[in-house]
Chemist: 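To start, I am sharing the structure in question, which I have written as structure tokens.
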Protein chains: 2
Amino acid sequence: MSKPAFLPHDHNHQRCIDAALAEARAICQRKHSRLTPQREQVLRLIWQEHRPIGAYELLDKLREEGLKAAPPTVYRALEFLQENGLIHRIESLNAYTGCSHPSEPHASQFLVCQQCQRVAELGSEQIAEQLSEQARRAGFASAHQTVEIRGTCAECLRHFHV
Amino acid sequence: MSKPAFLPHDHNHQRCIDAALAEARAICQRKHSRLTPQREQVLRLIWQEHRPIGAYELLDKLREEGLKAAPPTVYRALEFLQENGLIHRIESLNAYTGCSHPSEPHASQFLVCQQCQRVAELGSEQIAEQLSEQARRAGFASAHQTVEIRGTCAECLRHFHV
DNA sequence: AAATAATCGAAACATTATAACATTTCTTTC
DNA sequence: GAAAGAAATGTTATAATGTTTCGATTATTT
């Protein structure tokens with residue numbers, strides 16, 4: 001995978017959304033996973049935000065779009081999207097964000113900006129390896145890593161002199 | 001700091017508890033932080049478990065010990081203990097665990113066993129450094145790292161052949 | 001002792017997540 | 001294309017986690 005990237009605040013985000021949805025459709029078709037209209041709608045709503053979005057925020061947006069949805073509706077969609085690698089859950093925020101390169105399995109470490117709330121994936125296999133290795137030295141067999149770094153992104157550093 | 005350690009399942013845990021409480025009292029005295037009876041009680045209850053414990057579990061235990069406690073009682077104590085580096089919050093479990101070496105500030109990565117629910121601290125400055133460095137290359141200023149590895153500890157690997 | 005700050009009590013409320021079970025829709029098989 | 005089975009969705013209720021607010025109490029300082 002490529003380098004981590006916080007896109008400029010003013011980039012054309014519609015392109016991100018369109019690309020993400022197209023990629024998701026392709027992936028699900030390949031895997032015979034059923035990206036139903038509802039699931040795609042949730043994925044689109046997630047991508048429409050620039051920042052991780054909570055389950056109940058999603059629920060509100062679904063309702064704004066006319067769907068008669070209850071919490072399980074959202075959580076089921078989120079579960080499907082996670083299982084298919086299309087979104088990530090940010091544990092430290094209880095929120096969900098679109099995966100920026102869902103086509104290949106990858107290590108995922110997250111940079112979470114405290115100013116603008118945006119998230120970027122680091123995706124360093126090296127770090128993932130090293131974590132697994134250090135764990136192994138303690139006799140521990142790693143199954144899944146949660147790596148989230150809070151801080152300030154480059155753009156916010158410039159703007160706010162934090 | 002020293003090597004990460006899952007102690008044997010059958011170690012004398014009372015010693016861990018006593019040592020942790022003694023160290024906590026010393027630290028708080030040094031810092032003029034007020035380790036009140038309630039706060040110490042919460043810390044003890046956390047150490048009495050071998051695994052991370054949730055806020056509401058703690059609440060139940062406080063009540064079992066005769067305290068008339070409400071959620072804020074617990075959360076305030078947890079906040080104090082965290083601020084003073086005496087406990088850690090495990091984000092992926094929404095639960096709290098005693099810090100195994102509170103006297104010195106340290107990097108903290110956690111190994112979380114899915115079988116026995118116990119947690120060990122990795123404490124690798126090297127990994128912490130590397131994460132900060134990778135973030136910095138993306139122009140990102142790190143403030144806090146959450147690193148949690150789910151998997152199976154050595155003892156559970158032997159016992160359960162997972 | 002009075003003033004100030006820190007801690008605690010209590011009630012209400014807010015947020016996040018799941019359980020249980022009925023119904024509908026899609027897919028497969030005949 | 002009809003029946004059977006599997007997957008997805010609807011619905012209601014509830015569990016689990018976390019916060020706000022405000023008043024009372026206790027500790028510390030002056």
Side-chain angles (χ1 to χ4, degrees), chain A residues 24-25 28-29 31-46 49 51-63 65-84 86-97 112 117 146 148, chain B residues 24-25 28-46 49 51-63 65-84 86-97 117 146 148:
Chain A
R25 281 188 287 261
C28 287
Q29 196 151 32
K31 303 205 296 188
H32 303 290
S33 281
R34 283 157 57 180
L35 186 62
T36 62
Q38 270 194 24
R39 289 164 172 175
E40 185 172 328
Q41 186 179 10
V42 170
L43 182 59
R44 175 173 52 74
L45 289 171
I46 289 173
E49 292 295 305
R51 17 176 227 90
I53 184 172
Y56 280 73
E57 268 186 281
L58 277 171
L59 183 55
D60 290 342
K61 288 184 186 296
L62 282 175
R63 285 170 171 166
E65 295 193 352
L67 210 79
K68 267 181 40 181
T73 307
V74 174
Y75 282 102
R76 283 165 183 159
L78 290 172
E79 187 183 2
F80 171 88
L81 295 171
Q82 277 189 274
E83 279 170 356
N84 287 277
L86 301 172
I87 63 171
H88 296 291
R89 173 179 163 88
I90 306 298
E91 295 290 341
S92 55
L93 298 178
N94 295 338
Y96 304 83
T97 193
V112 183
Q117 326 301 329
T146 299
E148 300 171 9
Chain B
R25 281 188 286 261
C28 286
Q29 196 152 31
R30 211 162 44 236
K31 303 204 297 188
H32 303 291
S33 280
R34 284 154 59 177
L35 186 62
T36 62
Q38 271 195 25
R39 289 165 174 174
E40 185 172 329
Q41 186 178 10
V42 169
L43 182 60
R44 175 174 50 75
L45 289 171
I46 289 173
E49 291 297 303
R51 15 174 229 91
I53 183 172
Y56 280 74
E57 267 185 280
L58 277 172
L59 183 55
D60 290 343
K61 288 185 186 295
L62 282 176
R63 285 170 171 165
E65 295 193 352
L67 209 79
K68 270 181 36 183
T73 307
V74 175
Y75 282 103
R76 284 167 184 157
L78 291 172
E79 188 183 0
F80 171 89
L81 295 170
Q82 277 189 275
E83 280 170 355
N84 287 277
L86 302 172
I87 63 171
H88 295 291
R89 173 179 161 89
I90 306 298
E91 295 289 342
S92 55
L93 297 177
N94 295 338
Y96 304 82
T97 192
Q117 326 302 327
T146 299
E148 299 171 10

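Keep in mind that what you see is a predicted model, and the values were worked out from it rather than measured.
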Chemist: Counting heavy atoms from C-beta on, name the nucleotide in dT18(C), dG9(C), dT19(D) closest to the side chain of Gln38(B).
Modeler: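 Among dT18(C), dG9(C), dT19(D), the one nearest the side chain of Gln38(B) is dG9(C).
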Chemist: Is Tyr56(A) side chain donor-acceptor paired with the dA14(C) base, going by distance under 3.5 Å alone?
Modeler: no
Chemist: Take atom CD of Glu65(A) as the centre, draw a 6.0 Å sphere, and report whether it contains more than 12 heavy atoms from other residues, nucleotides or ligands.
Modeler: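 It does: Glu65(A) CD has more than 12 such atoms within range.
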Chemist: When you check the phosphate oxygens OP1 and OP2 of dT7(C), does a side-chain N or O of Arg39(B) lie under 4.0 Å from one of them?
Modeler: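 The answer is yes; a side-chain N or O of Arg39(B) sits under 4.0 Å from OP1 or OP2.
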Chemist: Looking only at the side chains, is there a donor atom on one of Glu91(A) and Thr146(A) sitting less than 3.5 Å from an acceptor on the other?
Modeler: no
Chemist: Rounded off to whole Å, could you give me the CG-to-P distance for the Leu35(A) and dT9(D) pair?
Modeler: 10 Å
Chemist: Quickly work out the Glu91(B) CD to dT17(D) P distance and round it to whole Å.
Modeler: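 Taking atom P of dT17(D) as the reference, CD of Glu91(B) is at 13 Å.
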Chemist: Assuming nearest nucleotide by heavy-atom distance, tell me which of Lys68(A) and Phe80(A) is located more 5' along DNA chain D.
Modeler: Phe80(A)
Chemist: Please determine whether a side-chain nitrogen or oxygen atom of Arg89(A) lies at a distance below 4.0 Å from atom OP1 or OP2 of dA17(C).
Modeler: yes
Chemist: Could you please name the option among dA17(C), dA7(D), dG18(D) that lies closest to any side-chain atom of Tyr75(A)?
Modeler: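 Of the candidates, dA17(C) comes closest.
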Chemist: Expressed in angstrom and rounded to an integer, what is the separation of Glu40(A) atom CD from dA8(D) atom C1'?
Modeler: 16 Å
Chemist: Is it the case that over 12 heavy atoms from other parts of the model lie below 6.0 angstrom from the CD atom of Gln82(A)?
Modeler: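 Counting neighbours around CD of Gln82(A), more than 12 heavy atoms of other residues, nucleotides or ligands fall under 6.0 Å, so yes.
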Chemist: dA15(D) P sits how many Å from Glu57(B) CD, rounded?
Modeler: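 Rounded to the whole Å, the gap is 16 Å.
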Chemist: To the nearest Å, how far apart are Leu93(A) CG and dT16(C) P?
Modeler: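 After rounding, the gap between these two atoms is 10 Å.
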Chemist: Is there a side-chain polar atom (N or O) of Thr73(B) under 4.0 Å from OP1 or OP2 of dA10(C)?
Modeler: no
Chemist: Looking only at side-chain atoms of Tyr96(A), point me to the closest of dA17(C), dC26(C), dA10(C).
Modeler: dA17(C)
Chemist: Heavy atoms from C-beta onward define the side chain here; which of dT16(C), dT9(D), dG9(C) lies closest to that of Arg76(A)?
Modeler: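 Of dT16(C), dT9(D), dG9(C), dT9(D) is nearest to the side chain of Arg76(A).
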Chemist: Which pair of non-hydrogen atoms, one from Arg39(A) and one from Arg34(A), has the smallest distance, and what is that distance?
Modeler: NH1-O, 2.7 Å
Chemist: Out of curiosity, Leu78(A) CG to Arg76(A) CZ, how far, rounded to the nearest 0.5 Å?
Modeler: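 Rounded to the nearest 0.5 Å, the CG-CZ separation comes out at 12.0 Å.
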Chemist: Nearest-Å distance, CG (Leu59(B)) to P (dG9(C))?
Modeler: 12 Å
Chemist: What is the separation between atom CG on Asp60(B) and atom P on dA15(D), rounded to the nearest whole Å?
Modeler: 13 Å
Chemist: From the list dA27(D), dC8(C), dA19(C), which nucleotide is the closest neighbour of the side chain of Pro72(A)?
Modeler: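 Among dA27(D), dC8(C), dA19(C), the one nearest the side chain of Pro72(A) is dA19(C).
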Chemist: Taking CD from Glu79(A) and C1' from dA17(C), how many angstroms apart are they, rounded to a whole number?
Modeler: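 Whole-Å distance recorded here is 12 Å.
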